[in-house]
There are 2 protein chains.
Amino acid sequence: MLADKKKITIAIVDDHPIVLEGLQKVLMQAYDYVSTLCFSTGGEFLNFIKKAGTGTDIVLIDITLPDINGIDLCREVKTLSPDTCVLAFSNHNERSTIMRMLQNGASGYLLKNCTAGEVVSCINEALSGQIAFSREAREIMARPSARDWQVLPALTKREKEVLKLAADGQTSAAIAVQLHVSPLTVETHRRNLMQKFNVKSITAAVKVAMEMGLLG
Amino acid sequence: MLADKKKITIAIVDDHPIVLEGLQKVLMQAYDYVSTLCFSTGGEFLNFIKKAGTGTDIVLIDITLPDINGIDLCREVKTLSPDTCVLAFSNHNERSTIMRMLQNGASGYLLKNCTAGEVVSCINEALSGQIAFSREAREIMARPSARDWQVLPALTKREKEVLKLAADGQTSAAIAVQLHVSPLTVETHRRNLMQKFNVKSITAAVKVAMEMGLLG
DNA sequence: TTAAAAATACCGGAAAACCAGTAGAAAGAA
DNA sequence: TTCTTTCTACTGGTTTTCCGGTATTTTTAA
């Protein structure tokens, strides 16, 4: 890996200190002139760029964060600092998640099981303006399985509530009481949920939602 | 953190190279005499202890591994090398998972969001014969919510099959056809599943199973 | 070999989910 | 303000799940 001569600034947003340590080590070894900034929540990083401005070249963002999800964080970062390249660094291997990230302006996607070399080469690719994927992420994008094609369905507030309660084993009647609506309304939401997830039962919808990290 | 004078051998089994790097860095800084051995699959590590014997003092094991789950790996390690302390290092924050790990002989449990200091102090505790938890893992153990108390239910082969097919939205009748049994048999399995998970519907069972990583 | 666990299967009935279609009211965006 | 989405609610009917039991056969472990 060729070391880059000019200084670059790389931020990392991840709530796992060990991952922070690991990435720091890898970056220090790969670049002669690099400063790494570590943040463990999305809020911290947003505050930083609001104050310190747009000097960050690259930011590696985990999808699962304590305060905000990486997809929304990506969008906010690109709004505040369009020149910062956002790379997702996550365990989520659903095509829909990758798509969402790219739709929100990300410059690439790294699976957390990628090698140190892949991290560095993806950063380099992103710096040169390309879209960068780790090996496995590229494979996921290349082999679009039927299920994966559909984008993450955008659920309404009410639908999310219904889905969550249904996932806890509550009946439509019980859900209706809690949401102060008619059981018939709940049933309508149920049907819309099944349609959006393209499945034949709420049970299957819950499974897909769990896979996509929309629940629990 | 006091450095330990005598040499210790620490193995790490994790399929995320970056985590391996991070832990290595942390361990090198904390101990003067340490050798770290990295493995990315459970099989690799089992082969190693079969050949090299029982010289490993500590092994950090991720629950989610490509070839075997960390719980089963823990049991096998303790069978082959009872003197090796097994510490789980995982994202799973369900009480049931922690319990399972301890039942299988683990010396402690670290959540992946713990600090570098916690990793080191847990290793020291484990070396001195104690059971070690990271801060959050300790909290989970201390505040037993009703649901969390129950241990990970041991599902039979058939139950797993039924659950998986039900999670895909299939009806009992459809499942029966695929498994070449009576629909009534499938219904019995369904009921047993709900009982084991202590929930009121298969939908809820699927959610819990997904949380515990038993599905998908 | 014997005991325990798992898989199989049944009954009848109540409750709930699912299907297909429609439609007014409210909230947000253009 | 107008258009669109979301939330709301209904009719009426079919299918499926869930509940409570019980019970034989097969497999597995001691």
Side-chain angles (χ1 to χ4, degrees), chain A residues 72 75-76 79 100 103-104 150-210 214-215, chain B residues 72 75-76 79 100 103-104 150-210 214-215:
Chain A
D72 293 339
R75 191 176 47 246
E76 296 209 42
T79 308
R100 256 299 171 88
Q103 275 167 8
N104 284 351
Q150 53 176 124
V151 240
L152 195 79
L155 303 186
T156 69
K157 190 164 151 274
R158 228 29 171 181
E159 283 166 351
K160 275 182 208 156
E161 290 172 325
V162 170
L163 184 60
K164 197 179 275 288
L165 293 170
D168 285 331
Q170 308 221 36
T171 66
S172 294
I175 296 169
V177 170
Q178 276 169 83
L179 299 184
H180 309 294
V181 295
S182 156
L184 298 162
T185 303
V186 176
E187 302 245 311
T188 303
H189 286 310
R190 270 183 120 103
R191 271 190 297 157
N192 291 338
L193 280 164
M194 289 190 279
Q195 207 163 49
K196 284 191 178 179
F197 282 106
N198 191 29
V199 293
K200 294 193 290 291
S201 74
I202 276 292
T203 304
V206 164
K207 185 194 153 201
V208 177
M210 289 288 292
L214 295 175
L215 267 172
Chain B
D72 293 339
R75 191 177 46 245
E76 296 209 40
T79 309
R100 254 297 171 88
Q103 276 168 5
N104 284 353
Q150 54 177 123
V151 242
L152 193 79
L155 303 186
T156 69
K157 191 163 151 276
R158 231 21 174 184
E159 284 166 350
K160 275 183 207 155
E161 289 172 324
V162 170
L163 185 60
K164 198 180 276 284
L165 293 169
D168 285 331
Q170 309 220 37
T171 67
S172 295
I175 296 170
V177 170
Q178 275 168 83
L179 300 184
H180 308 295
V181 295
S182 154
L184 298 163
T185 304
V186 176
E187 302 245 310
T188 303
H189 287 309
R190 267 182 121 105
R191 271 188 297 160
N192 292 337
L193 279 164
M194 289 190 281
Q195 208 163 47
K196 284 191 179 179
F197 283 105
N198 190 30
V199 293
K200 294 193 291 289
S201 73
I202 276 290
T203 304
V206 164
K207 185 196 153 200
V208 177
M210 289 290 291
L214 295 175
L215 267 172

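Below, chain A is the first sequence line, B the second, and so on; all start at residue 1.
The shortest distance between the side-chain N/O atoms of B:S172 and the OP1/OP2 oxygens of D:dT17 is below 4.0 Å. The side chain of B:S182 contributes an N or O atom lying less than 4.0 Å from OP1 or OP2 of C:dC10. Residue A:R190 has a polar side-chain atom (N or O) positioned under 4.0 Å from OP1 or OP2 of C:dC18. Neither OP1 nor OP2 of C:dA20 sits under 4.0 Å from any side-chain N or O of A:R191. Between A:T188 and D:dC7 there is no side-chain polar atom (N or O) within less than 4.0 angstrom of OP1 or OP2.
When rounded to the nearest whole Å, the span between CG of B:N192 and C1' of D:dT17 equals 15 Å. Regarding A:Q195, its CD atom lies at a distance of 11 Å from the P atom of C:dG21, rounded to whole Å. The separation between B:R158 atom CZ and D:dT27 atom C1' is 13 Å, rounded to whole Å. The separation between B:K200 atom NZ and D:dT17 atom P is 19 Å, rounded to whole Å. One interatomic measurement links the two molecules: NZ of B:K157 to P of C:dA7, which rounds to 8 Å at whole-angstrom precision. In this structure, CG of B:L155 is placed 13 Å from C1' of C:dA6, rounded to the nearest angstrom. Here C:dA6 presents its P atom at 17 Å from CG of B:L179, a figure rounded to the nearest Å. B:M194 places its CE atom 10 Å from the P atom of D:dT17, with the value rounded to the nearest Å.
A:S201 comes within contact range of the sugar-phosphate backbone alone, with a heavy-atom separation under 4.0 Å but no base atom that close. Counting any heavy atom pair closer than 4.0 Å across all strands shown, B:T185 reaches a base atom.
You'll find that the side chain of B:T171 is closest to D:dT16, out of D:dT11, C:dC18, D:dT16. Which of C:dA9, D:dC19, D:dC10 sits closest to the side chain of A:L184 comes down to D:dC10. Nearest to the side-chain atoms of A:E187 among the listed nucleotides C:dA9, D:dC7, C:dC18 stands C:dC18. Looking at the side chain of B:V181, the nearest of the listed nucleotides C:dA7, D:dC7, C:dT8 is C:dT8. Candidate nucleotides C:dC18, C:dT8, D:dC7 were compared by shortest atom distance to the side chain of A:I202, and C:dC18 ranks first.
Atom-to-atom distance recorded for B:K164:NZ and B:Q170:CD is 12.5 Å, nearest 0.5 angstrom. Between the CG atom in B:L193 and the NZ atom in B:K160 there is a gap of 11.0 Å [rounded to 0.5 Å].
Side-chain contact between A:K196 and A:T156 is present, with at least one heavy-atom pair separated by less than 4.5 Å. For the pair A:K207 and A:M210, the minimum side-chain heavy-atom distance is 4.5 Å or more.
Remark: B:R158 engages B:E161 in a salt bridge, criterion side-chain N to carboxylate O under 4.0 Å.
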